[in-house]
*Asks:* 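So that we are looking at the same thing, I have put the structure below in structure tokens.
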Number of protein chains: 2
Amino acid sequence: MPNAPHIAEVASLVGDPARANMLCALLGGRALTATELAFAAGVTPQTTSGHLGKLFSARLVVLMKQGRHRYYRLAGPHVAQMLESIMNVALTGPPRFQPKSKLDDKLRHARTCYDHIAGVLGVGLAERMSAHEFVVLGDEAGEVTPSGMDFLGKLGVDLSAYKKRRVFCRPCLDWTERRPHIGGAVGAALAQRCFELKWIERIRDTRALSITPSGRRGLLEFFDLSA
Amino acid sequence: MPNAPHIAEVASLVGDPARANMLCALLGGRALTATELAFAAGVTPQTTSGHLGKLFSARLVVLMKQGRHRYYRLAGPHVAQMLESIMNVALTGPPRFQPKSKLDDKLRHARTCYDHIAGVLGVGLAERMSAHEFVVLGDEAGEVTPSGMDFLGKLGVDLSAYKKRRVFCRPCLDWTERRPHIGGAVGAALAQRCFELKWIERIRDTRALSITPSGRRGLLEFFDLSA
DNA sequence: CCGATACTTCGCTCGCGGCCGAAGTAAATC
DNA sequence: GATTTACTTCGGCCGCGAGCGAAGTATCGG
């Protein structure tokens, strides 16, 4: 019962639909302008401005001024993880109706989740890497095996910045697939490598990803995954 | 930006100070009656009843009727983890003044965190086990080493239920110490064993723990930790 | 059966906070 | 310097929801 007020403060920030929409948009990992966030939230710019001011004061987002644009990003992985854990609780709640849309389909298929890959593609990668015993995923933690380190090295995934730390692979529950995908430092590095290799590309103005033809070949060759 | 409404719904439940207080009280891990929760939240029973109804509908808590009492518990570890992650974000926010109290001191010293041990004691255990290389803790995941499994076995910690899973040790950032303590299945099993050994005892009506004389001896002997 | 305890449901008040329109600042473009 | 774009601050409206008092429903003890 101590710092509960702090919790309530942060949670109530996330608890407003407009702000939740903005934060979810930022969960895509990119920095977005105030206007883009206004569109994402479905409110006017002046309302957005107020919301962003609050999120900034509470340090849930950070600000990068660039000319007349103001780019907002999530303040760090801890915020992303908080949002994920809330999502995780939300989807264990009472079942919902939710109308389908085309964008939803694309998001379901492949999207970024802060700094790593989610959706059918993300879950598929996790599943294949588990099957090959490149990673071991538990409920709350994950681990890269020696053969997995080897494999990732061959793929050109740069893990040098994390080498000191033996554990740095976090399973991240997927809200569409209800199965884990690979987050944490490994997930981020893997996603970055996939972008470098041009296996995946962002779909304009969304969190959704499209898989390129060379991506399909690569995924089949390296991961034995037909996407 | 899809299921953002769901996030907002859950977050706004946590975002009310009274409900946040209740949930934090339940973070102690025990089941509490509606009246106890009313006291913890500082509101009247009828207000509490309304709140608990909402938390129950959203499946953040579960209910056990027992005679004329109604015991509420957190719906599961996922809820505890969500609360922790929110706490984690809250304490990276702007610094706060918070008046000290005696209970705060005790909580700071040793307390339960859902199903494992937190506070100075929890952080100390994690630190000693890391130093002896019984566990390896990263930012987002942890791992028990073979020698650690051996050590826990000697201590009588029952991990049989989790043996299949190689990773099941979650670092849990401590809101008082700002350093990780051991959560997940290992943390829960370790805490349970400490209760069995009567090394620690709950302080009535709180999440705080007191260390018994035999606990001090045991901690010194097994963990090289003077508590 | 009676009173006490545990908890709920109902009806009401009231204040916080989200929302937008209007007006203001700041930076790029002409 | 004038215009457009990006974003902010101000002021006022309004609705949701937390809060309590009062009254109602279960379960215990005697």
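The sequence lines fix the lettering, A, B, ..., with proteins before strands; numbering per chain opens at 1. The figures here come from the full heavy-atom set of this structure, side chains too, leaving out hydrogens, waters and symmetry mates. This is a predicted model, so every value here is computed, not measured.
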*Asks:* Five pairs at each end of the helix from C:dC1-D:dG30 to C:dC30-D:dG1: take the axis at both ends and give me the angle between them to 10°.
*Replies:*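 Axis-to-axis angle, ends of the helix: 30°.
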*Asks:* Quick check on contacts: within residues 64-76 of chain A, what sits under 4.0 Å from DNA chain D by heavy-atom distance?
*Replies:*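 Residues of residues 64-76 of chain A that come under 4.0 Å of DNA chain D are, in numerical order, A:R68, A:H69, A:R70, A:Y72.
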*Asks:* I need the minimum non-hydrogen distance between A:V89 and B:V79, along with the two atoms involved.
*Replies:*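 In terms of heavy atoms, the two residues are closest at CG2-CA, 4.0 Å.
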*Asks:* Answer whether the closest heavy-atom distance between the side chains of A:W199 and A:R217 falls below 4.5 Å.
*Replies:*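 Side chain of A:W199 against side chain of A:R217, heavy atoms only: no contact under 4.5 Å found.
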*Asks:* Atom NZ of A:K106 and atom CG of A:L209: how far apart are they, to the nearest 0.5 Å?
*Replies:* 11.5 Å
*Asks:* Give the residues of residues 47-56 of chain B touching DNA chain D, defined as any heavy atom closer than 4.0 Å, sorted by residue number.
*Replies:*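 Those residues are B:T47, B:H51, B:K54.
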*Asks:* Among residues 28-36 of chain B, which ones have heavy-atom contacts with DNA chain D below 4.0 Å?
*Replies:* none
*Asks:* side-chain hydrogen bond (donor to acceptor under 3.5 Å, both in side chains) with B:T48: which residues, sequence neighbours excluded?
*Replies:* none
*Asks:* Hey, could you give me each pair passing side chain to side chain donor-acceptor pair (under 3.5 Å) that has a residue in residues 113-126 of chain B? Not counting sequence neighbours.
*Replies:* B:H116-B:H181
*Asks:* Evaluate the side-chain proximity of B:I117 to B:T112: yes if any heavy-atom separation is below 4.5 Å, no if none is.
*Replies:*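 No, side chains not in contact.
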*Asks:* If you round to the nearest 0.5 Å, how far is NE2 of B:H78 from CG of B:L83?
*Replies:* 10.0 Å
*Asks:* Using a heavy-atom distance cut-off of less than 4.0 Å, which residues of residues 9-20 of chain B contact DNA chain C?
*Replies:* none
*Asks:* Which atoms form the tightest heavy-atom contact between B:L27 and B:A80, and what is the distance?
*Replies:* CD2-CB, 3.9 Å
*Asks:* Of all nucleotides in DNA chain C that come within under 4.0 Å of a heavy atom of chain B, which is furthest toward the 5' end and which toward the 3' end?
*Replies:* C:dA4 to C:dT9
*Asks:* With a cut-off of 3.5 Å and sequence neighbours excluded, list every side-chain donor-acceptor pair involving residues 54-74 of chain B.
*Replies:*
| unit_1 | atom_1 | unit_2 | atom_2 | d |
| --- | --- | --- | --- | --- |
| B:S57 | OG | B:G53 | O | 2.9 |

*Asks:* State whether the side chain of B:T212 and the backbone N or O of B:K198 hold a donor-acceptor pair below 3.5 Å, judged by distance alone.
*Replies:* yes
*Asks:* Is B:M87 close to A:H6 at the side-chain level, that is, under 4.5 Å between some pair of heavy atoms?
*Replies:*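 Side chain of A:H6 against side chain of B:M87, heavy atoms only: no contact under 4.5 Å found.
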*Asks:* Report yes if some heavy atom in the side chain of A:I182 is under 4.5 Å from a heavy atom in the side chain of A:L125; otherwise report no.
*Replies:*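 Sidechains of A:L125 and A:I182: no contact.
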*Asks:* Do B:C172 and B:C113 have side chains that get closer than 4.5 Å, going by heavy atoms?
*Replies:* yes
*Asks:* What's the shortest heavy-atom distance between A:L121 and A:I200, and which atoms?
*Replies:*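 Smallest heavy-atom distance, with atoms named: CD2-CG2, 4.0 Å.
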*Asks:* Within the 4.5 Å heavy-atom criterion, are A:E196 and A:Q192 side-chain neighbours or not?
*Replies:* yes
*Asks:* Quick one: do B:D174 and B:R108 make a salt bridge, cutoff under 4.0 Å?
*Replies:*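 So B:D174 does not pair with B:R108 through a salt bridge.
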*Asks:* Sort me out a list of protein N/O and nucleotides 10-12 of chain D N/O pairs below 3.5 Å, or just none if empty.
*Replies:*
none

*Asks:* Quick one: list whatever passes side-chain hydrogen bond (donor to acceptor under 3.5 Å, both in side chains) with A:E177, sequence neighbours left out.
*Replies:* none
*Asks:* Please tabulate, for the side chains in residues 35-44 of chain A, all donor-acceptor contacts under 3.5 angstrom to protein atoms that are two or more places apart in sequence or on a different chain.
*Replies:*
| unit_1 | atom_1 | unit_2 | atom_2 | d |
| --- | --- | --- | --- | --- |
| A:E36 | OE1 | A:T33 | N | 2.8 |
| A:E36 | OE1 | A:T33 | OG1 | 3.4 |
| A:T44 | OG1 | A:T47 | OG1 | 3.0 |

*Asks:* Rounded to the nearest 0.5 Å, how far does CD of A:E201 lie from SG of A:C194?
*Replies:* 12.5 Å
*Asks:* Side-chain contact test, heavy atoms from C-beta onward, threshold under 4.5 Å: evaluate it for B:R207 versus B:R30 and give yes or no.
*Replies:* no
